[in-house]
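Just below is one structure, and these are the notes that go with it.
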Amino acid sequence: KLDELRCDPEAVQVTLVNRDGFHNIRVRNYESDLTPVRVPLDDVLVPVGVQRVEGEVTGIDAAGQTAAVTTASGQLTLPYDRLVFALGSQLLRPNLPGLAEYAFDVDTYNGGSRLNTHLQSLPGRLGSPGLFTVVVVGAGLTGVEAATEMPKKLQAILAYAKMNRPFHVILADHNSHVGSDMGESARPVIEEALDALGIEMRLGIDVA
């Protein structure tokens with residue numbers, strides 16, 4: 001914007017505060033290889049002259065126009081003329097028995113990594129009828145993407161372990177159809193893709 005307005009680059013200082021050194025492409029945390037979804041912030045910020053502070057904002061003084069930031073090396077006070085809140089959202093887990101202990105999510109990079117690690121550990125676990133069965137709860141955009149990625153993940157894991165075992169992917173939702181937010185025209189395409197991948201749809205149900 002400074003270039004567009006032909007302003008001196010020194011006229012404005014922009015500082016980004018973030019808890020780590022990465023921008024995570026959140027909508028891709030369902031993928032098998034998460035390496036490309038974690039972009040070093042400095043690769044993006046340094047070329048455009050944006051400063052970065054790694055830490056947590058612990059307080060804001062609106063009258064004094066400062067933000068208190070806790071970093072690994074101590075406390076910082078950052079003055080500002082304009083303060084932008086871009087905090088994103090956080091997954092809210094419903095209070096369902098067993099959910100906290102046994103369920104996985106792809107809400108964050110760490111969550112996606114935890115799921116992938118768990119899936120890769122399955123061949124070494126004691127056999128059970130549901131060992132290679134995955135239930136994806138929620139048939140919106142994220143659920144559909146997570147479910148359609150599962151067959152490829154499971155096939156790769158079984159091939160690497162040299163195991164000839166069937167697997168089962170179930171997509172469950174309380175709605176009567178998949179892709180409820182994606183419009184009527186998208187549903188037949190989504191359902192066709194799910195059928196082609198052998199994904200079972202359990203619709204009109206609630207997880208208890």
Do Leu119 and Met150 touch side chain to side chain, with heavy atoms closer than 4.5 Å?
yes
Does anything in residues 89-127 pair up under ring-ring contact (aromatic ring centres under 6.0 Å, His included), and if so which pairs, sequence neighbours excluded?
Phe104-His118
Provide the closest heavy-atom pair for Gly21 versus Glu54 in the form atom of the first, atom of the second, distance.
N-OE1, 3.6 Å
Any donor-acceptor pair under 3.5 Å linking the side-chain atoms of Asn110 with those of Thr108?
no
Establish, from distance only, whether the side-chain atoms of Thr70 and Gln75 form a donor-acceptor pair under 3.5 Å.
yes
What's the separation between atom CG in Leu154 and atom NE2 in His168, rounded to the nearest 0.5 Å?
11.5 Å
Does the Lys NZ or Arg CZ of Arg165 fall within the cation-pi geometry relative to Phe132 - under 6.0 Å from the ring centre and within 45° of the axis?
no
Under 4.5 Å between any side-chain heavy atoms of Leu158 and Pro123, yes or no?
no
Once you round to the nearest 0.5 Å, how far does OH of Tyr30 lie from CD of Glu149?
6.0 Å
Can you confirm whether the side chains of Thr142 and Arg26 place a donor and an acceptor under 3.5 Å from each other?
no
If you round to the nearest 0.5 Å, how far is CG of Leu96 from CG of Asp206?
9.5 Å
For atom CG of Asp8, decide whether the heavy atoms of other residues, nucleotides or ligands shown that lie under 6.0 angstrom number more than 12.
yes
Are there over 12 heavy-atom neighbours, none belonging to Arg19, within less than 6.0 Å of that residue's CZ?
no
Taking C-beta and beyond as the side chain, do Met201 and Asp195 meet within less than 4.5 Å on heavy atoms?
yes
State whether Arg93 and Asp105 are salt-bridged, where the test is any N-O pair (Lys NZ or Arg NE/NH1/NH2 against Asp/Glu carboxylate O) under 4.0 Å.
yes
Just wondering, do Gln13 and Thr15 contact through their side chains at under 4.5 Å, heavy atoms?
yes
Met182 versus Leu141: any side-chain heavy-atom pair under 4.5 Å?
yes
State plainly whether one hydrophobic cluster holds both Val57 and Leu76, where clusters connect Ile, Leu, Val, Met, Phe, Trp and Tyr through side-chain heavy atoms under 4.5 angstrom apart.
yes
Are any side-chain N or O atoms of Asp61 and backbone N or O atoms of Ala63, one a donor and one an acceptor, separated by less than 3.5 Å?
yes
With heavy-atom distances below 4.5 Å as the criterion, would you say the side chains of Asp20 and Arg38 are in contact?
yes
Val37 side chain reached by Glu31 side chain, heavy atoms, under 4.5 Å:
yes
Do Leu197 and Val169 have side chains that get closer than 4.5 Å, going by heavy atoms?
no
